[in-house]
Structure formats: C-alpha cells, structure tokens
Amino acid sequence: MWHITESVPRDYAVTATALETERLAQPPILVFHAVEGIGVPVVTNLFAYRERIAQAIGTTAAGIHRHWAEVSQSLIPPVVVAHGACQDVCLIGEQADATRLPLMAHFGEDAGRYITSGVVVAKDPDHGWGNLSYARMQLRDRRTFGISLHSRGHLWDYQKRAEARGQALEVAVVIGMHPAFLIGAASRVPIEVDEVDIVGALLRHPVELVPCRTVDLSVPADAEYILEGVIEPNERAKEGPFGEYTGYATDRSTNNLFSLRAVTHRASPYFLDVCPGASKDHLSLSSVQREADLLARLRQSLPNVQSVHYPVSGTHYHCYVAIDKKRPTDARHAALLVLGLDPYVKLVVVLDPDIDITNESDVLWALATRMQPREDTFIIDNMTCNILDPSSSGGASSKLAIDATRPESWAAARLTLPDEAMALARQIAQARLSGDV
Ligand code: MN
C-alpha cells in the first residue's frame, strides 16, 4: 500500500497514478491523503492485483475459480442491525449536497466528475428481490446525477418496470466497503438471486445492513458513504461521454436521472475510486466471476478444460483456455463453446496445460511455436458481440478461434531445467530483490 502524502490536483492525477503502477508486478493499493479540494483520503487500485482479489475473498489466485464455484453454491443472506457506522453523519434533504462529495474527473475525454465505485442497491418493484449492480454516475448539481444503465442488467429491468407505472425507483449507492462486497456485486447471477447473499458467502458471514433514512432499502452498516435517492421515471439527463473498459470514451448511455435525497457517511470516511477505462483495477473487478462461471460451463461439456483467463489487454474480448486434450479435436470444440457461451469474446486461444495462460508472453510464445495459421484457425461471421467494441457494427462481429495446442504427433521437446537449479536460482534472485545481499 502506498500512502501518497504530497498534494495532487483533484482531476486526473488519481487515475494517472493508478495506471502508472500497472507496470509493477504487484500494483499497490493507493491512498491519496492530499487531493486538492478533497478533505478525505481517496483510495484506488484495490483490485489491480489479482492476488489481492483472491485474498479479499479468502483464497489464493491459483485457487480462485474453484473457490468461487464452491462458495457461490452456499449463499448467506444478510441480517438487519439497528446502527451502522455508515450513518455516523446523516445529511438529509436540503443538507445533502452532491457537489461537496469528493468526486474527481478521471480521463480528459470525460464529460465531468464521476462516481466510479458506486454499488447500486435496489429492490425488484414486482417481487421485492434485492439487487446489487454498478452504474456510472456523473455529477450534475447539488441534488442530481446522470446515471447510465446501458449494460441492461437487472437494475435496468427494475427501472423499466417502475417507469411503466410512472413510479420512481428507490436506490441507494454504496461507496466504499469491504472488497468482497464489490466483488460479489459484480457477479452474474439470476435476477431472483440477491448479490448480497453472494457477498455473505464470500465473507462466510452475513452482511450486516442498516435501514436507509429516506428510502425503503437497507445498506451495509460498515460502508464509507451512502447516497440515498431515486431514479426518476420519464425524465432523462444527458450523461457521458465517459472512459469505458474498452479504453475508449463513450456516450452510449440510457441517460437516466438520479435525484439525491440523503448522503450518509462514516465520521472519518475514506472515499473509494475504481480506476475506470481499460485499467487492471476496473477489468479485474469483474473477470474472476466471469472466468469461474465460464470454466464451470465449459467443464460440463469438456471436463478436461483446466483453466480460462480474460487478459486485461483484451478488455473482456479475448479469452485464453488451457485444455489437456484427449482428442485432437478438443481444442476446436472448446473454442466454439467459448464463443457460444460468452458473446463478449471475439478472440479465443486454446492452449496446452504447460502454458501459463495468465502470462501473455507465454501465450504469445505458444502462438509463435505451436500454431499454423492455415490449419489452426477459424473465423465465424456475423455473431453477437458487445456493442461497446468500437470495431463492431450494430452489435455484430466476426469471431476468431485459434488452436495453439501442439499436435499429438509432435516430437519437439520443450526446454526444461532441473527443479534444484530452479529453486537455487529463485533463492539467489529473492535475496537480492529483498535487499538481503
Ligand atoms: Mn442481480
């Protein structure tokens, strides 16, 4: 964790520093203690390092998919308690002023200052099911934000149904909480499953909630900040452009309007920012869950699939798969399954189990030495894709599959070193890296 005590400008500096640290093997959590015009510490980069994501949910990076599959089978519902630190300070009605929140601009192309880490709590207007989800929120004035539901998830569905009856949809925005809360909120579960039950499963204890002051919802008692309010029916407010996960600014937005009713926060809060754009912080926050789900579904058809990975460089559009082939055609079969199961994926590369699919140099080396373009690739035209891909048209894209596994008949021997030599080399290197020599 880096404590940054020097003064930095309010806009862009937090994002720039987070991106600067991405080249490090272990990108640190950043705590800015002196952002100009902001009187509270700003925390970012929480999710930029995969081992830290694993730690937050009680496992290791190597075991994270198996852990996710196990834990998400045993949901733990929350409990409601009377008091919570998130309501140490309550600013209700006219006292609630969004312009006094510690918000910043992230990229030069952004339309304004944004909340990037906000987890939106809402209730299904027909069934009462709970929901957690993410929505980018652009500050407009003291009492309103533009909010985009463009991912068309459960919150979008709730809002459409409330709006059809002319009703405002009550929501509460959670800013800053245990990282497992943000990881659970990014999970993809059926509409009737409340993501907060996944969070409980990840934490292995029920999330403690407190009732909101102005809306009929409950929020995590330990959160740093809560914004209570409603998404207005039949009103729209221009929102965007904003730096999306693709690495491009986009004004694709549902342009909904959030009206603020209350701000509550801890007595001495930290403000959490998720670095937006195609950052490790942003992309890694949702890739573990997607990988675990995809792996489980692939294994239903091909139990010899060993692991899957969405590399940060591919912004959710590239997928690497490791398989222990039992038949020469298994790799192509796996590739076709991935393209069918995840419409975001545009390039799938299937690799042998000796390749570390989380290491892009290793993946490219396999492409260089085990793949023949004519025999080992295929393209499928006119498939569903994610509409934010700037190279796509009208939500359609062609897809490329590459079999980078080696043929069974292959004689080339991969170079190896004896285990003792490798262990000695690690000792020599580690001693110098830690400054012991
Ligand atoms: Mn949901």
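The first residue of the sequence shown is numbered 1, and numbering continues consecutively from there. We count ligands from 1, going down the list as the structure has it; atoms in each ligand are counted the same way.
- Within the model, atoms CG of Leu46 and CG of Leu182 stand 7.5 Å from one another, a figure rounded to the nearest 0.5 Å.
- Applying the side chain to side chain donor-acceptor pair (under 3.5 Å) test to pairs two or more places apart or on separate chains, those with a residue in residues 10-19 are Asp11-Arg113.
- Classified by interplanar angle (parallel below 30°, tilted 30° to 60°, perpendicular above 60°), the ring pair Tyr225/His265 is tilted.
- Few gaps surround CZ on Arg165; more than 12 heavy atoms of other groups in view lie less than 6.0 Å from it.
- Side chain of Lys325 to main chain of Ala331: no donor-acceptor pair is present (N/O by atom type, distance under 3.5 Å, no hydrogens or angles).
- Ring pair Tyr344/Tyr317 is tilted by interplanar angle, where 30° to 60° counts as tilted.
- Any protein N/O/S atom under 2.8 Å from the Mn ion (ligand 1) was counted, giving 3 altogether.
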